[in-house]
Amino acid sequence: MQAGRWLVPGLSLALGAGLGAGAVAWLNRKASPGMGGLWSRLPVLPVAAAAAGPVVPTEGPGELAKYGLPGLAQLKSRESYVLCYDPRSRSAMWVIEQLKPERLRGPGDRQTCGFQEDDSVHVYHRATNADYRGSGFDRGHLAAAANHRWSQKAMDDTFYLSNVAPQVPHLNQNAWNNLEKYCRRLTQTYHNVYVCTGPLFLPRREADGKMYVKYQVIGKNNVAVPTHFFKVLILEAPGGQIELRSYVMPNAPVDENIPLERFLVPIESIERASGLLFMPNILTRTSNLKAIAPGAK
DNA sequence: TTTATTGT
């Protein structure tokens, strides 16, 4: 594989963004063999600007991060949830929330809420309302608004587009909505209900017999349309037992008459597909785990 | 009831 060849299409993107930003210097560096002069054309921030930052040691192991690291986990802790942002998909990797019966009721009013850009995300990696407009997709909550009626602020926080993913309207308004209602109902039976929700981008076999991850992107920010969504429920029963239920639904119209149990999947399949791990965290917290697997009543 | 979008 020739790196130079497949890097070139991305170069025009980098140049466009760099020129638009204004504060651009040109890195004058001898072209290394095989790079085809690419380095000499890449825009970088002026060194003075980078050096102004206090953060990184200039000696020892930290020196390789002298000019900063290009990305770190983006955790957003809000009134109603904690989420991990995925700048590549312009959405969340996962959102975790705690459901309690008393939090399901209160002054929170959906009518006063509006979906909002998340200003804490860099504009390059941020979804906007314009991206969704006319796309044919709903702005589907990951942490649901109705889970947080206990405070207007808590409900408002669910309307950040970082807590949203493009969702097929029929799914959002029917089967997925039913799954969310079911989660709220579980607060009547269980002392504590933890819900972790996120998108999946699952590989699929194409006509040539090979596996590909293929997904649509919408808007000028290329917001990724998930192929599926998952929900992992951690339920604390009154007796102290912990129950685990994990669901996956395709981002497609789903007949709402199909029982929710049919969407149960082994937690391991979500862990393998998502790159996330739930079980080690759960197991260190309990020796009393009951996993509700597919095929359960 | 809750999930939304679009148009005026």
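Letters go in sequence order (proteins before strands), and every chain restarts at 1. All of these numbers come straight from a predicted model, not from anything done at the bench.
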Residues Arg78(A) and Asp118(A) bridged, charged N to O under 4.0 Å: yes
Euclidean distance, atom CG of residue Leu104(A) to atom C1' of dT2(B) [Å, nearest integer]: 13 Å
Gap between atoms CD and P, on Gln111(A) and dT2(B) respectively (whole Å): 10 Å
Thr158(A) side chain to Ala144(A) backbone, donor-acceptor under 3.5 Å: no
Asp109(A) CG - dT1(B) P separation (whole Å): 13 Å
Ion pair check, Glu206(A) and Lys210(A), cut-off under 4.0 Å: no
For atom CG of Leu161(A) and atom P of dT5(B), their distance in whole Å: 10 Å
Rounded distance (Å) that lies between atom C1' of dT5(B) and atom NE2 of His141(A): 14 Å
Asn147(A) CG - dT3(B) C1' separation (whole Å): 12 Å
Whole-Å gap separating P (dT5(B)) and CG (Asn129(A)): 9 Å
Residue-level proximity of residues 167-186 of chain A to DNA chain B when a heavy atom falls under 4.0 Å: Asn172(A), Gln173(A), Asn177(A), Glu180(A), Lys181(A), Arg184(A)
Common cluster, Leu277(A)/Leu244(A), ILVMFWY with side-chain heavy-atom separation under 4.5 Å: no
Below 4.0 Å: OP1/OP2 of dT6(B) and any side-chain N or O of Arg133(A): no
d(CZ, Phe229(A); P, dT3(B)) in whole Å: 15 Å
Near-ring test His148(A)/Phe159(A), centroid separation under 6.0 angstrom: no
Positive for side-chain hydrogen bond (donor to acceptor under 3.5 Å, both in side chains) with Asn129(A), one of Gln116(A), Arg139(A), Glu117(A): Arg139(A)
Nucleotide nearest Ala145(A) when distance is taken to its side chain, options dT3(B), dT2(B), dT5(B): dT3(B)
